[in-house]
There are 2 protein chains.
Amino acid sequence: MNVSSMTDRQRHTLRCRSASHLHLLGSRTQHARSAEANEILINEGSMPSRVLVIDSGWAIRYKTLADGRRQILDFLLPGDMVGMFAILFDQTEYGVQALTPLTVRSIDAKHVIAELNRSQQFAITLNWLAGSVEQRMDEHLMRVGRRSAEERMAHLFVELHRRLKRSGLPDTAARRLPITQKTIADHLGMSQVHANRTFRSLVRQGTVSLSDGEILLLDPCELVRLAGFEESYLCHTPACVNEQSYSCA
Amino acid sequence: MNVSSMTDRQRHTLRCRSASHLHLLGSRTQHARSAEANEILINEGSMPSRVLVIDSGWAIRYKTLADGRRQILDFLLPGDMVGMFAILFDQTEYGVQALTPLTVRSIDAKHVIAELNRSQQFAITLNWLAGSVEQRMDEHLMRVGRRSAEERMAHLFVELHRRLKRSGLPDTAARRLPITQKTIADHLGMSQVHANRTFRSLVRQGTVSLSDGEILLLDPCELVRLAGFEESYLCHTPACVNEQSYSCA
DNA sequence: CGTATCCTTGAGTGTGATCAACATTGGTGG
DNA sequence: CCACCAATGTTGATCACACTCAAGGATACG
């Protein structure tokens, strides 16, 4: 009954549940589509109408100021869900844009809300999802607020590497990041020029390289060291609700 | 039931629900206590064991790096709940510390989880709560990543003013912020010295002042202008929409 | 009182922004 | 095939914002 008494398998079950649950939901109501790079999937300030699940490709969640300054809040990788919490409000405060060509499943908000009302398990799983997003956003805030430029960039690279591997990619594929330096800059809160200089510095240290317009992570261990990377915030695979109270379906 | 077809009253109901629901829950299982200023309520890295609801006073949610750099992730004001999403994991990645003397109700995690399993409505309401926290954290990230020091500080002051008023304080009380400049600095990602200089600049412009160790907001409308403050991210309730006190157009 | 905490200010330094120029690549159309 | 353009990356020069270090002042508290 103790929270910490969960087995690894139970944790894994929980981890996969939100995606699979939505997948089941989607089998009835999904609307699959593809999008081109740079295509806007959700407009800032628009009315929330659907939840998206990324099947393949990369996207970003961002906000912009009136004068054009942009902050990339989060990267969206295959398996990630976006727009879930916005559907309970009448305005989506952020935009979502494709970084690469991607495929996405979209589920109408009313189906999601219906499912939320129907399935206890779904509602609980979404709370777990909210927690894991919160952990990542907290860590990013720490990155932007209190780390140096080099720490920030190394830290981001390690996090993306981890997330890609967990989404099922083999290590070699997970070391390739299809993002531009302007994109990195808008995520880390620095100018594109400074992002380039910081990146060059990492290249000189042999930890990363640029190839075919993609970033390659050459030495993830060294990046971990440079970033002062703490694993725990991403290791929420150990989600720790006891299975009994959780599997109340 | 489409989200957009919700009436204002339904939204207002939703807004109040999470607090009142926990209040009911608390009536059976709550453990009220008080804490002194600077007292640690939740340790970084500790096992989540309870959810806190602030009754009075201010607290912060924060993370620290190994070398002592601290990032204040969020301010916790009366009515705010903290630790909710952490109970689904086996480690609380952040700490919580009182800024002022405060009173807090604490509810054992197992009661919250039991309620989560029992009440469909509670689980849904928490998703709404997750969304509103997400909106505030997104806006803060934008603040730290893409705004100038003066914009950041003015923006924070306006947000705190709004939140205090919505928590039920009259306008005059909501203009008093019991925080030190070091605290502001750790929230906005700047040094204490620079926070002081930025604050002095705001004082010179007549928008704020310092009195009895508390910050006074003298001209919220001017702060809104300086910050380029967009109302919408906090206006997820009809109550806020109808507030005319800031019609400084 | 003495100590601690917070605020304030100056001086010097450095990180990172801005402006500008140019290289490289890929795509488009003549 | 080439001219052109757009997007991205690279680098230098200059400057501003923000950091660190340092010292002093105000206030509260035991």
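Note on naming: letters A, B, ... go to the chains in the order of the sequence lines (proteins, then strands), and numbering restarts at 1 for each one. Values in this document were obtained by computation on a predicted structure and should not be read as measured data.
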*Asks:* If only atom types and distance count, is the side chain of A:Q30 paired as donor or acceptor with the main-chain N or O of A:I107 below 3.5 Å?
*Replies:* no

*Asks:* At how many degrees, to 10°, do the end axes of the helix from C:dC1-D:dG30 to C:dG30-D:dC1 meet when each uses five pairs?
*Replies:*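 Taking five pairs per end, the axes differ by 30°.
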
*Asks:* OP1 or OP2 of C:dT8 sitting under 4.0 Å from any side-chain N/O of B:R200?
*Replies:*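 So the side chain of B:R200 is within the cut-off, an N or O lying under 4.0 Å from OP1 or OP2 of C:dT8.
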
*Asks:* State plainly whether the residues B:E139 and B:R147 are in salt-bridge range, i.e. N to O under 4.0 Å.
*Replies:* yes

*Asks:* Nearest of D:dG9, C:dC6, C:dT9 to any side-chain atom of B:N196?
*Replies:*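 The answer is C:dT9, which lies nearest to the side chain.
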
*Asks:* How are the rings of A:F199 and A:F157 set to each other: parallel, tilted or perpendicular (split at 30° and 60°)?
*Replies:*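 Geometry flag for A:F157 against A:F199: perpendicular rings.
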
*Asks:* Nearest whole Å is fine: how far is D:dG9 P from A:R204 CZ?
*Replies:*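 My rounded result for the distance is 16 Å.
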
*Asks:* Expected output is a numbered-order residue list: members of residues 59-74 of chain A with a heavy atom under 4.0 Å from any atom of DNA chain C. What is it?
*Replies:* none

*Asks:* Round to the nearest Å and state the distance from A:Q181 atom CD to C:dT24 atom P.
*Replies:*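 Whole-Å distance recorded here is 16 Å.
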
*Asks:* More than 12 foreign heavy atoms under 6.0 Å from CD of A:E44: is that the case here?
*Replies:* yes

*Asks:* Distance check needed: D:dT8 C1' versus A:D186 CG, whole Å only.
*Replies:*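 Answer to the nearest Å: 14 Å.
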
*Asks:* Rounded to whole angstroms, how far apart are CG on A:L188 and P on C:dT15?
*Replies:* 18 Å

*Asks:* Measure from NZ on A:K182 to C1' on D:dT10 and round the result to the nearest Å.
*Replies:* 16 Å

*Asks:* With a 4.5 Å limit on heavy-atom distance, are the side chains of B:L102 and B:L41 in contact?
*Replies:* yes

*Asks:* Taking the inter-plane angle between the rings of A:H155 and A:F229 on a 0 to 90° scale, is it parallel (under 30°), tilted (30 to 60°) or perpendicular (over 60°)?
*Replies:*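 Ring orientation of A:H155 relative to A:F229: tilted.
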
*Asks:* Indicate the ring-plane relationship of B:H187 and B:H140, choosing parallel, tilted or perpendicular according to the 30° and 60° boundaries.
*Replies:*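 Parallel: the ring planes of B:H187 and B:H140 meet at under 30°.
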
*Asks:* Answer yes or no: is there an ion pair linking B:E159 with B:R162, defined by an N-O contact shorter than 4.0 Å?
*Replies:* no

*Asks:* Any luck finding a side-chain donor-acceptor pair between B:Q91 and A:S232 under 3.5 Å?
*Replies:* no

*Asks:* Spell out protein contact along nucleotides 15-30 of chain D as letters: B when the base is contacted, S when just the sugar-phosphate is, - when no protein heavy atom is under 4.0 Å; keep the 5' to 3' order.
*Replies:* ---SSBB---------

*Asks:* How about A:D212: does its CG atom have over 12 heavy atoms from other parts shown lying under 6.0 Å from it?
*Replies:*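 No, because the 6.0 Å sphere around CG of A:D212 holds 12 heavy atoms or fewer from other groups.
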
*Asks:* Can you tell whether the side chains of B:K63 and A:D138 come within less than 4.0 Å, N to carboxylate O?
*Replies:*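 Result for this pair is no, no salt bridge flagged.
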
